[in-house]
Amino acid sequence: PPVLSVRGLTRHYAGPSGIVRALDGVSLDIAAGELVGIFGPSGSGKSTFLMLAGLLEAPTSGEVWLAGQRVSHPQVNIDGLRATRRRQIGFVFQRANLIPFLSASENVALSLEIADVAPADAMAHARRLLGALDLAHRADNQPSRLSGGEQQRVAVARALANGPPLILADEPTAALDSVRGRQVMELFRRIAATQGAGIAVVTHDPRSTGMFDRIVHFEDGRMIDQA
Ligand code: ADP
Ligand code: ADP
């Protein structure tokens, strides 16, 4: 089965002038090893899609399936999905949001410790991951000592730490220059190819279009085409 499958995903919000259809019946599959780009104007529902697919919010209607299991639907208690979320999904946001008083390796190890990995094992794995992302020399530095590109790669390492089959990224290169942005995108490509993760990246960056296996466009809460 696909790592992610959403069916008829819909989210309405009550706004001051009526109901806002933030997401309106989106159906989409992401296969293992597939890197999918999500494009669309501001307000088209891209972030809402990631929140629902990432089990951070319940849909008004529709379903989210992870690896063939139905996990989210309107009646589900989203807080109860915390363990599923931790095991199965890695998140990357526009800003790295690393904990400033922890080193790069401690930042990565923390997400393993939260998932009950013993501290020594977590630290060893964190160092291996940072090494694989060409950040071994940065492992003991705090985020303020790292460039923006390096910080974002640490954030990617953190998202990968628990080996999630699905990675959701919300404008991960928006705060980076084109060279660093390209490095992060190449990293996603490598992770999809070598670890078989399915990856969805919301982006505005037209320079990244050639990096994706598939691109979908959102408009007014709907998916208007697939290429
Ligand atoms: P995008 O990520 O493509 O910019 P969003 O998913 O953030 O779009 O927003 C889609 C629409 O839903 C927008 O009109 C936005 O104002 C609205 N929206 C998003 N979140 C909320 C919320 N919590 N309450 C009310 N309206 C919201
Ligand atoms: P990167 O290739 O990782 O994006 P840059 O080309 O921006 O890095 O910077 C090169 C080196 O200079 C990096 O190793 C980084 O640690 C260091 N550096 C960049 N900006 C800063 C900064 N504001 N404070 C400290 N070190 C910095």
Side-chain angles (χ1 to χ4, degrees), residues 2-30 34-66 71-82 84-85 88-97 148 152 155-156 158-159 164 166-176 178 181 184-185 188 197-227:
V3 292
L4 171 70
S5 182
V6 308
R7 286 289 167 272
L9 210 55
T10 297
R11 184 70 168 97
H12 294 171
Y13 293 105
S17 48
I19 288 174
V20 179
R21 297 171 200 281
L23 206 66
D24 201 7
V26 167
S27 297
L28 175 65
D29 287 355
I30 297 179
E34 195 178 29
L35 181 59
V36 177
I38 299 175
F39 286 75
S42 183
S44 60
K46 306 182 298 295
S47 295
T48 301
F49 171 80
L50 286 192
M51 297 274 287
L52 300 185
L55 312 180
L56 295 167
E57 210 172 301
T60 303
S61 61
E63 300 173 0
V64 179
W65 297 64
L66 293 180
V71 288
S72 178
H73 51 88
Q75 285 78 41
V76 93
N77 169 18
I78 214 80
D79 291 331
L81 297 177
R82 193 168 289 131
T84 304
R85 200 156 62 220
Q88 307 220 35
I89 308 173
F91 293 95
V92 181
F93 299 100
Q94 183 169 336
R95 302 267 166 199
N97 294 322
Q152 195 61 318
V156 173
R158 180 182 53 188
L166 174 65
I167 293 168
L168 302 175
D170 199 353
E171 306 212 29
T173 64
L176 304 178
S178 61
V184 169
M185 285 303 303
F188 283 135
I199 307 179
V201 180
V202 163
T203 181
H204 274 113
D205 187 354
R207 289 170 305 205
S208 70
T209 50
M211 310 278 293
F212 294 106
D213 296 317
R214 187 156 56 100
I215 286 174
V216 300
H217 291 274
F218 278 35
E219 201 173 290
D220 299 332
R222 293 171 171 275
M223 214 171 74
I224 53 170
D225 68 303
Q226 297 199 38

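Counting starts at 1 for both ligands and their atoms, following the listed order.
Under 4.0 Å from ligand 1, the heavy atoms of Val20 that appear belong solely to its side chain. Of all the heavy atoms of Pro41, the ones lying under 4.0 Å from any atom of ligand 1 belong exclusively to the backbone.
From the protein, the heavy atom lying nearest to atom 8 (O) of ligand 1 is Gly45 N, 3.1 Å. Remark: minimum distance from atom 12 (O) of ligand 1 to any protein heavy atom is reached at Ala22 CB, 3.1 Å. Annotation: atom 6 (O) of ligand 1 to nearest protein heavy atom, Thr48 OG1, 2.6 Å. Looking at atom 23 (N) of ligand 1, its nearest protein heavy atom turns out to be Tyr13 CE2, 3.4 Å. Looking only at heavy atoms of the protein, atom 7 (O) of ligand 1 is closest to Ser47 CB, 3.8 Å.
Side-chain N or O atoms of Arg158 include one that pairs as donor or acceptor with a backbone N or O of Ala96 at under 3.5 Å.
Residues Ser47 and Asp170 have side chains that bring a donor and an acceptor to within less than 3.5 angstrom of each other.
An N or O contact shorter than 3.5 Å links Gly43 to ligand 1 by distance.
Aromatic pair Phe49/Phe218: ring centres closer than 6.0 Å.
For ligand 1, the atoms sitting less than 4.0 Å from at least one non-hydrogen atom of Ser44 are 1 (P), 3 (O), 8 (O), numbered in the order shown with element in parentheses. Close approach to Lys46 involves these atoms of ligand 1, each under 4.0 Å from a residue heavy atom: 1 (P), 2 (O), 3 (O), 4 (O), 6 (O), 8 (O).
Contact annotation for atom 16 (O) of ligand 1: protein absent (non-hydrogen atoms, distance under 4.0 Å).
Rounded to the nearest 0.5 Å, atoms CD1 (Ile215) and OG1 (Thr209) are 5.0 Å apart.
Under a 4.0 Å heavy-atom criterion, Gly15 is not in contact with ligand 1.
Using a 4.5 Å heavy-atom cutoff, the side chains of Thr10 and Pro59 are not in contact. Within the 4.5 Å cutoff, the side chain of Met185 has no heavy atoms near those of the Thr203 side chain.
Environment of CZ in Arg222: sparse, with no more than 12 heavy atoms of neighbouring residues, nucleotides or ligands closer than 6.0 Å.
Taking all atoms of both residues into account, the shortest heavy-atom contact from Val92 to Ala159 is CG2-CB, 3.7 Å.
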